[in-house]
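Scope of the values below: all heavy atoms of this structure, side chains included, with no hydrogens, waters or symmetry mates.
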Amino acid sequence: QVKKAFTNPKSLSMRDDLSWLCWEDIKAPDLSTAGAGGIRQVGRYMMMDKSKSFMNRVEQEINAAKAGLNAPTVNVHIFSGLSGGTGSGCFLDVCYMVRHIANKVGGITIFGYFFLPDVNLSRIPFSDNKTRAFIPKNGYAAMQELDYCMQLQYNGGSFTQMYQDHTEIVWHDPPVDMCHLVCATNAKGDIIENAYDYSMNVTAEYIMDFLT
């Protein structure tokens, strides 16, 4: 119900967890009924609107993984595209909400796998000019944010975000403990054949090797 929510800006402006949202610059009629329509702020809004249930679910899953074990360590793997609207808009919040739960329960290592714009572009026909235009822009913005946040311990930066139930999370650590960037371009600068599927398969094989 994103489109419906954006036609009632008063309700949006009353929420302190949405103080960053420039709803007046987003045209509600342009929003799709599913997904974020390539708009990063809409993707972030969708995550914020479920932040409480998301954190509760993450905590449940981690506790279930640790149940019956003596001081186990748990690895959390986070996957996201960086250049659509949904993943590009919410991936950092997801990482920091997971880190918030990890700090609460202890013994957690967080891995991030982030798919670069060329992975998405390989699936978009050249006739879809609008989508092909926003993918690089979203990817560039997301990469700037990721680069800055991965260096927080060195650049002295920090950020505090309010989530549902007045939960404040301070961003002063990197979003993930180990960051992987996944691209669809080889060392010569050429797009790999079947680039999207190739990227997914390489990542899946890497994870399976890690698990085994």
Side-chain angles (χ1 to χ4, degrees), residues 15-21 36 40-41 43-84 86-116 141-183 199-212:
R15 291 176 51 178
D16 53 7
D17 61 327
L18 299 179
S19 60
W20 50 270
L21 180 62
R40 299 183 71 226
Q41 285 204 8
R44 192 177 193 212
Y45 160 78
M46 292 166 67
M47 186 73 257
M48 290 293 192
D49 209 42
K50 302 292 183 182
S51 61
K52 179 182 177 181
S53 58
F54 175 79
M55 284 188 277
N56 287 341
R57 179 62 181 270
V58 170
E59 186 169 3
Q60 290 174 10
E61 295 292 340
I62 291 175
N63 286 333
K66 297 175 71 170
L69 301 176
N70 183 23
T73 58
V74 174
N75 298 316
V76 177
H77 301 270
I78 298 174
F79 305 85
S80 177
L82 293 184
S83 44
T86 307
S88 183
C90 74
F91 79 101
L92 280 175
D93 290 284
V94 167
C95 292
Y96 280 106
M97 284 189 281
V98 171
R99 188 170 288 289
H100 175 70
I101 300 301
N103 291 338
K104 180 179 177 182
V105 301
I108 310 295
T109 302
I110 306 173
F111 298 85
Y113 305 84
F114 305 119
F115 295 88
L116 300 182
M143 284 289 291
Q144 289 279 350
E145 295 171 353
L146 178 61
D147 180 60
Y148 181 80
C149 288
M150 287 299 295
Q151 302 295 324
L152 284 178
Q153 69 269 44
Y154 306 114
N155 60 34
S158 66
F159 181 74
T160 301
Q161 177 60 51
M162 182 75 70
Y163 295 91
Q164 287 180 330
D165 281 358
H166 304 287
T167 300
E168 280 192 353
I169 298 179
V170 180
W171 300 12
H172 50 63
D173 293 317
V176 295
D177 297 305
M178 182 174 289
C179 176
H180 303 78
L181 300 178
V182 186
C183 76
S199 301
M200 298 300 145
N201 290 336
V202 165
T203 306
E205 287 183 17
Y206 179 89
I207 293 296
M208 291 307 298
D209 287 344
F210 180 91
L211 294 176
T212 55

Student: Can you check whether Ile110's main-chain N or O pairs, donor with acceptor, with Asp177's side chain at less than 3.5 Å?
Tutor: yes
Student: Could you name each residue pair satisfying side-chain hydrogen bond (donor to acceptor under 3.5 Å, both in side chains) that touches residues 67-79, not counting sequence neighbours?
Tutor: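 Pairs touching residues 67-79 that pass the test: His77-Tyr113.
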Student: Evaluate the side-chain contact (heavy atoms from CB on, under 4.5 Å) criterion for residues Leu92 and Cys149: first the C-alpha distance (whole Å), next the side-chain angles of each, then the deciding distance (0.1 Å), finally the verdict.
Tutor: CA-CA 9 Å; Leu92 280 175; Cys149 288; 4.2 Å; yes
Student: Sequence neighbours left out, what passes side chain to side chain contact (heavy atoms under 4.5 Å, CB included) with Met97? Give chain and number order.
Tutor: Met47, Ser51, Phe54, Met55, Asp93, Tyr163, Ile169
Student: Please report, to 0.1 Å, the donor-acceptor pairs under 3.5 Å made by any side chain of residues 152-159, with sequence neighbours excluded.
Tutor:
unit_1	atom_1	unit_2	atom_2	d
Asn155	OD1	Gly157	N	2.8
Asn155	ND2	Tyr148	O	3.1
Asn155	ND2	Gln151	O	3.2

Student: Is there a side-chain contact (heavy atoms from CB on, under 4.5 Å) between Val76 and Ile101? Walk through the geometry before answering.
Tutor: CA-CA 11 Å; Val76 177; Ile101 300 301; over 6 Å; no
Student: Among all residues two or more places apart in sequence or in another chain, which pass the side chain to side chain donor-acceptor pair (under 3.5 Å) test with Asp16?
Tutor: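 Here the qualifying residues are His166.
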Student: Sequence neighbours left out, cut at 3.5 Å: what donor-acceptor pairs do the side chains of residues 205-212 make with other protein atoms?
Tutor:
unit_1	atom_1	unit_2	atom_2	d
Tyr206	OH	His180	NE2	3.0
Thr212	OG1	Met208	O	2.8
Thr212	OG1	Asp209	O	3.3

Student: Ser80 and Phe91: which non-hydrogen atoms are nearest, and at how many Å?
Tutor: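 Minimum heavy-atom separation between Ser80 and Phe91: OG-CB, 3.4 Å.
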Student: Give, for atom CG of Leu116 and atom CE of Met143, the distance between the pair rounded to the nearest 0.5 Å.
Tutor: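 Going from CG on Leu116 over to CE on Met143, the span is 5.5 Å.
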Student: To the nearest 0.5 Å, how far apart are CD1 in Ile108 and CG in Asn103?
Tutor: 9.5 Å
Student: Using the side chain to side chain donor-acceptor pair (under 3.5 Å) criterion, which residues pair with His172? Sequence neighbours excluded.
Tutor: none
Student: For Phe115, check ring-ring contact (aromatic ring centres under 6.0 Å, His included) against everything at least two apart and list the hits.
Tutor: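 Scan of Phe115 (ring-ring contact (aromatic ring centres under 6.0 Å, His included), adjacent residues dropped) gives none.
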Student: Show me, pair by pair, the donor-acceptor contacts under 3.5 angstrom made by side chains of residues 58-68, not counting sequence neighbours?
Tutor:
unit_1	atom_1	unit_2	atom_2	d
Glu59	OE1	Lys104	NZ	3.2
Glu59	OE2	Lys104	NZ	3.2
Glu61	OE2	Arg57	NE	2.8
Glu61	OE2	Arg57	NH2	3.3
Asn63	ND2	Glu59	O	3.2
Lys66	NZ	Val105	O	3.3
Lys66	NZ	Gly106	O	2.9

Student: Side chain to side chain contact (heavy atoms under 4.5 Å, CB included) with Val202: which residues, sequence neighbours excluded?
Tutor: Tyr198
Student: Filter on salt bridge (charged side-chain N to carboxylate O under 4.0 Å, His left out), then keep only pairs touching residues 164-176, sequence neighbours left out; what's left?
Tutor: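 Checked against salt bridge (charged side-chain N to carboxylate O under 4.0 Å, His left out) - neighbours excluded - the pairs reaching residues 164-176 are Lys52-Asp165.
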Student: Quick test of your reading: applying salt bridge (charged side-chain N to carboxylate O under 4.0 Å, His left out), list the pairs with at least one residue in residues 144-158, sequence neighbours left out, ordered by first then second residue.
Tutor: Arg40-Glu145
Student: Is there a donor-acceptor pair closer than 3.5 Å between any side-chain N or O of Arg15 and the backbone N or O of Gln164?
Tutor: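 No, Arg15 side chain to Gln164 backbone: no donor-acceptor pair under 3.5 Å.
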Student: Can you name the residues that form a side chain to side chain donor-acceptor pair (under 3.5 Å) with Gln161, not counting sequence neighbours?
Tutor: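 Side chain to side chain donor-acceptor pair (under 3.5 Å) list for Gln161, sorted by chain: Arg44.
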Student: To the nearest 0.5 Å, what is the distance between CD (Gln41) and CG (Leu18)?
Tutor: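 One gets 10.0 Å once the value is rounded to the nearest 0.5 Å.
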Student: Would you compute the distance between atom CH2 of Trp20 and atom OH of Tyr45 and round it to the nearest 0.5 angstrom?
Tutor: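 Here the rounded value is 9.5 Å.
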